[in-house]
Trainee: 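There's a structure below that I have some questions on.
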Amino acid sequence: MAFLETAKQRYTTKKYNSEEIISEEKIAELKEIVRLSPSSINSQPWKFFFVSKADMKQQLANASYWNAQKINEASHLVVFSALTDIGRFEEQIEKTLPEGSINYYKQFLQPRGESHVRSWMKQQVYLSLGFFLAACAENNIDATPMEGIENELYDEILGLEGYQTLFAVAIGYRHAEDANQPAITAKSRLNLENVVETL
Ligand SMILES: Cc1cc2nc3c(=O)[nH]c(=O)nc-3n(C[C@H](O)[C@H](O)[C@H](O)COP(=O)(O)O)c2cc1C
């Protein structure tokens with residue numbers, strides 16, 4: 001499918017068919033795809049958790065407000081977290097990045113302070129969300145990005161250290177009656193001329 005068609009067809013799934021599970025092969029592909037997400041200076045300040053075990057998925061669903069049912073019925077839950085431990089981040093880039101990228105970090109990011117660096121790291125994780133959602137759509141996997149979760153509880157349940165949960169994505173296959181699918185509810189966006197200028 002051409003990507004424009006994929007973009008028109010993908011949507012935020014509100015109701016899943018709990019009988020349909022994503023194959024291990026597809027999950028392995030999604031893991032590889034999210035690993036390949038681009039990031040500024042190839043910084044990769046993230047960790048992704050693919051949750052399918054019933055007990056852990058249930059605990060996370062219970063920490064997800066109005067999103068609980070979607071998570072319970074979806075095949076998997078993917079949790080996106082960002083590094084918070086700056087020392088660990090600096091160690092990581094010293095080991096993995098070329099000198100030019102490390103110099104960029106030292107010259108333009110580090111001097112702006114830890115809160116700026118943390119916010120920049122979170123931006124990279126959001127970029128991986130866009131990449132992941134596009135990949136799901138391209139693979140005919142339905143998805144629900146969710147900021148409506150209790151982040152600190154997620155951190156506790158997952159036992160995070162040096163990372164913080166930013167958001168989660170339920171993935172699976174839609175229920176035939178999901179009212180949010182584009183065939184039932186038309187996609188709503190601002191007009192092209194409001195958001196794109198051609199100069
Ligand atoms: C970062 C982010 C957080 C979101 N959080 C939620 C959420 O907690 N629950 C939910 O049902 N939808 C959530 N959404 C879905 C948006 O409301 C949805 O993407 C938007 O209305 C556009 O609709 P579409 O994805 O169906 O095209 C979120 C989307 C993004 C990108």
Side-chain angles (χ1 to χ4, degrees), residues 1-18 20 22 30 33-34 37-40 44-51 56-84 118-158 160 163-196:
M1 209 189 321
F3 195 74
L4 175 57
E5 206 42 47
T6 306
K8 288 180 182 168
Q9 292 305 322
R10 72 141 292 284
Y11 76 108
T12 294
T13 303
K14 303 285 182 180
K15 190 167 173 51
Y16 285 90
N17 174 0
S18 56
E20 262 194 283
I22 303 172
L30 289 178
I33 288 168
V34 80
S37 297
S39 56
S40 178
Q44 307 167 72
W46 48 44
K47 195 165 269 192
F48 311 102
F49 298 85
F50 280 70
V51 183
M56 166 104 21
K57 197 155 145 297
Q58 177 76 64
Q59 281 185 60
L60 293 168
N62 290 344
S64 305
Y65 305 116
W66 65 94
N67 289 308
Q69 193 181 348
K70 294 164 207 152
I71 297 170
N72 281 326
E73 292 176 355
S75 169
H76 289 66
L77 181 67
V78 186
V79 183
F80 288 64
S81 73
L83 261 171
T84 49
R118 284 207 184 88
S119 151
W120 171 82
M121 292 199 291
K122 286 188 211 167
Q123 288 165 21
Q124 311 313 317
V125 185
Y126 271 87
L127 179 55
S128 76
L129 169 64
F131 201 66
F132 184 73
L133 291 179
C136 287
E138 196 65 22
N139 280 285
N140 294 313
I141 291 169
D142 291 313
T144 314
M146 295 169 293
E147 283 179 322
I149 59 171
E150 293 185 73
N151 301 53
E152 287 83 10
L153 268 180
Y154 266 57
D155 293 349
E156 268 177 44
I157 295 165
L158 295 167
L160 299 194
Y163 290 85
Q164 68 176 97
T165 300
L166 296 186
F167 50 83
V169 182
I171 53 174
Y173 297 101
R174 73 188 70 174
H175 191 286
E177 286 163 16
D178 182 7
N180 206 38
Q181 55 193 310
I184 301 176
T185 304
K187 197 166 269 298
S188 158
R189 291 291 190 271
L190 296 173
N191 292 329
L192 190 69
E193 56 272 25
N194 294 129
V195 296
V196 177

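Index from 1, following the sequence. Both ligands and their constituent atoms are indexed starting at 1 by order of listing.
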Trainee: Under 3.5 Å, side chain of D178 to main-chain N/O of T13, donor-acceptor pair present?
Mentor: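 No, D178 side chain to T13 backbone: no donor-acceptor pair under 3.5 Å.
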Trainee: Which class fits the ring pair F50 and F132: parallel under 30°, tilted 30 to 60°, perpendicular over 60°?
Mentor: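 Perpendicular.
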Trainee: Please check whether E147 reaches ligand 1 - meaning an N/O of the residue sits under 3.5 Å from an N/O of the ligand, judged on distance alone.
Mentor: yes
Trainee: Say whether, by atom type as modelled, one donor and one acceptor occur between the side chain of T84 and the main chain of Q164 under 3.5 angstrom.
Mentor: no
Trainee: Looking at Y11, which atoms of ligand 1 are within less than 4.0 Å of one of its heavy atoms?
Mentor: 26 (O)
Trainee: Minimum heavy-atom separation for L83 to M121, with atom names?
Mentor: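 Heavy-atom minimum between the residues: O-CE, 3.1 Å.
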Trainee: For atom 3 (C) of ligand 1, is some protein heavy-atom partner under 4.0 Å away?
Mentor: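 It does; a protein heavy atom is within 4.0 Å.
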Trainee: Looking only at protein heavy atoms, identify the closest one to atom 6 (C) of ligand 1 and say how far it is in Å.
Mentor: P145 O, 3.0 Å
Trainee: Taking non-hydrogen atoms only, is R189 closer than 4.0 angstrom to ligand 1 via side chain, backbone, both or neither?
Mentor: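 Just the side chain.
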Trainee: Report the part of N67 in contact with ligand 1, treating N, CA, C, O as backbone and CB onward as side chain, heavy atoms under 4.0 Å; options are side chain, backbone, both, neither.
Mentor: side chain
Trainee: Protein heavy atom under 4.0 angstrom of atom 17 (O) of ligand 1, is there one?
Mentor: no
Trainee: May I ask you to check whether Y126 has an N/O atom sitting below 3.5 Å from an N/O atom of ligand 1?
Mentor: no
Trainee: How many angstroms lie between CG in N140 and CD in E138, if you round to the nearest 0.5 Å?
Mentor: 8.0 Å
Trainee: With distance as the sole test, does D155 use its side chain to make a donor-acceptor pair with the main-chain N or O of L160 at under 3.5 Å?
Mentor: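 Not a single qualifying donor-acceptor pair exists.
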Trainee: Around atom CD of E193, are there more than 12 heavy atoms of other residues, nucleotides or ligands at under 6.0 Å?
Mentor: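 Yes, because the 6.0 Å sphere around CD of E193 holds more than 12 heavy atoms from other groups.
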Trainee: Any idea which atoms of ligand 1 are less than 4.0 Å away from a heavy-atom of R10?
Mentor: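 Checking each atom against R10, I get 24 (P), 25 (O), 27 (O).
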Trainee: Please state which protein non-hydrogen atom is closest to atom 27 (O) of ligand 1 and give its distance, to 0.1 Å?
Mentor: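 Atom 27 (O) of ligand 1 sits closest to the protein heavy atom K187 NZ, 2.5 Å.
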Trainee: Using a 3.5 Å cut-off on N or O atoms only, is T144 in polar contact with ligand 1?
Mentor: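 Min N/O separation from ligand 1 is not below 3.5 Å for T144.
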Trainee: For K57, I'd like to know if atom NZ has over 12 heavy atoms of other residues, nucleotides or ligands within 6.0 Å.
Mentor: yes
Trainee: Can you tell me which residue and heavy atom of the protein come closest to atom 26 (O) of ligand 1, and the distance to 0.1 Å?
Mentor: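 I find the closest protein heavy atom is T12 N, 2.9 Å.
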Trainee: Measure the spacing between OG1 of T144 and OH of Y16 and express it to the nearest 0.5 Å.
Mentor: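 Between atom OG1 of T144 and atom OH of Y16 there are 2.5 Å.
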Trainee: Any heavy atom of Y65 sitting closer than 4.0 Å to ligand 1?
Mentor: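 No; Y65 lies far enough from ligand 1 that no heavy-atom distance drops under 4.0 Å.
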Trainee: Please list, in number order, the atoms of ligand 1 under 4.0 Å from a heavy atom of K14.
Mentor: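 Those of ligand 1 that fall under 4.0 Å from K14 are 10 (C), 11 (O), 12 (N).
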Trainee: Measure the spacing between CD of Q124 and OG of S40 and express it to the nearest 0.5 Å.
Mentor: 5.0 Å
Trainee: When you measure from atom 21 (O) of ligand 1 to the protein, is at least one non-hydrogen atom found at a distance under 4.0 Å?
Mentor: no
Trainee: Should the proximity of W66 to ligand 1, defined as any heavy atom under 4.0 Å, be assigned to the side chain, the backbone, both, or neither?
Mentor: side chain
Trainee: Flag G148 as yes when one of its N or O atoms lies below 3.5 Å from any N or O atom of ligand 1, and as no otherwise.
Mentor: yes
Trainee: For E73, is there any backbone N or O sitting under 3.5 Å from a side-chain donor or acceptor partner on K15?
Mentor: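 Here the side-chain-to-backbone pair does not exist.
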